Amino acid sequence: MKDMNTHTLHLETTAEDHHIARMAAVALGLTVLESAIPSPLPGVKPGLANIVTLIVLARYGWRTAAWVSLLRVLAGSLLFGNFLTPGFFLSLSGAVLSLIVLAFARHLPTRWFGPVSHSIYAAFAHITGQMLVVYLWLIPHAGIAYLIPIFATASLVFGTVNGLIAARFMDNADTLNPHVIENPTCKL
Amino acid sequence: MFSAALQHIKLGDWLTLLLGSICVVLLTFKLWSGDLADKAIIRGGGKILSVVPLSRDQQIEVPGPLGISIIAIQNHKARIASDPSPRQYCVRQGWLQQAGEIALCLPNQVSVELVGSKKKYDSLNY
């Protein structure tokens with residue numbers, strides 16, 4: 001803006017863009033961290049990055065959460081080198097279905113339903129999206145039905161734990177910075 | 001720490017947890033109790049005519065005393081698609097999926113039976 005004659009590419013970015021990028025980076029960090037945890041079965045992962053999605057959803061709304069979640073999937077795939085491979089589409093289908101379910105779940109009365117419910121519904125949606133891709137595209141065999149109980153149990157457990165962590169995190173932030181609710185530009 | 005975690009679970013969250021647990025238990029019972037079938041045994045006139053895997057979709061024509069029965073295998077399930085028997089019991093039985101399920105067309109002496117990895121006993125035969 002200062003000098004129109006410079007030849008460097010200049011993208012106009014808003015404060016919100018920076019904010020979304022920052023939170024997507026946090027989610028990405030958690031994804032990398034999580035890939036270091038050994039898993040007994042491919043696909044059974046805690047999904048720690050979803051903690052960020054849950055917090056963003058509660059604080060800044062669904063649109064921002066969708067940006068953060070999808071950016072995390074895209075950037076994560078570039079980082080791990082599996083962009084456009086089956087692994088990428090598994091992550092994407094899980095993330096998209098979770099976001100669709102969260103769009104509905106966030107309208108549940110907040111008096112009774114908190115991040116724990118959101119997290120559990122999103123976790124089930126996530127595994128449903130992944131199983132659909134696996135069945136419709138990768139392994140069209142009824143035998144994968146045997147694995148569904150394992151994945152469903154993992155969803156329930158990790159969904160609950162992630163929801164609790166997200167709730168705890170928001171609790172801490174609220175007591176440390178009481179102005180956080182009024183001031184949505186406050187850093188995560 | 002544990003009680004601190006518990007205070008984040010509201011009434012509706014408990015409901016969600018309960019609902020989720022019920023789903024998991026039901027899914028486990030549904031998917032792990034019965035042996036999913038992987039082969040179909042086709043009999044005609046009391047003899048085994050062929051044993052076919054359920055993984056490949058196909059139609060099989062089996063001749064009997066009254067005419068031809070058509071057995072359809074699709075999507076890991078099997079059924080008698082058409083049969084010349086007068087009462088059509090075996091056709092109306094529909095799709096068979098679990099091991100041990102069987103459709104009998106007695107007048108045409110044709111049957112299709114699903115088997116899994118292990119043979120299960122049924123109430124007619126043990």
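The structure presented is a predicted model; accordingly, all values stated were derived computationally and were not measured. First the proteins, then the strands, lettered A, B, ... as listed; each starts at 1.
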In terms of hydrophobic clustering (I, L, V, M, F, W, Y; side-chain heavy atoms under 4.5 Å; direct or indirect links), are [X] and [Y] co-clustered?
| X | Y | value |
| --- | --- | --- |
| A:Leu74 | A:Leu99 | yes |
| B:Ile68 | B:Val110 | no |
| B:Leu54 | B:Trp95 | no |
| B:Ile80 | B:Val51 | no |
| A:Trp137 | A:Phe151 | yes |

Shortest non-hydrogen contact from [X] toward [Y]:
| X | Y | value |
| --- | --- | --- |
| A:Ala152 | B:Leu27 | CB-CD1, 4.1 Å |
| A:Phe113 | B:Asp13 | CA-OD1, 3.6 Å |
| B:Trp32 | A:Tyr146 | NE1-O, 2.7 Å |
| B:Thr28 | A:Pro149 | OG1-CB, 3.6 Å |

Separation of [Y] [atom2] from [X] [atom1] (nearest 0.5 Å):
| X | Y | atom1 | atom2 | result |
| --- | --- | --- | --- | --- |
| B:Leu17 | A:Leu156 | CG | CG | 6.0 Å |
| A:Ile120 | B:Ser21 | CD1 | OG | 8.0 Å |
| A:Arg168 | B:Gln7 | CZ | CD | 8.0 Å |

Inset, instruction - Using modelled atom types only, decide if a donor and an acceptor are shared between the side chain of B:Lys10 and the backbone of A:Val116 within a distance under 3.5 Å. - result: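 A pair under 3.5 Å: no.
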Legend entry - A:Thr160, part contacting chain B, at a heavy-atom distance under 4.5 Å: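 Side chain only.
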Legend entry - Evaluation steps, side-chain contact (heavy atoms from CB on, under 4.5 Å), between A:Leu164 and B:Ile9: CA-CA 8 Å; A:Leu164 284 172; B:Ile9 307 184; 3.7 Å; yes
Legend entry - Note, A:Phe124 side chain near B:Val24 side chain (heavy atom, < 4.5 Å):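 They are in side-chain contact.
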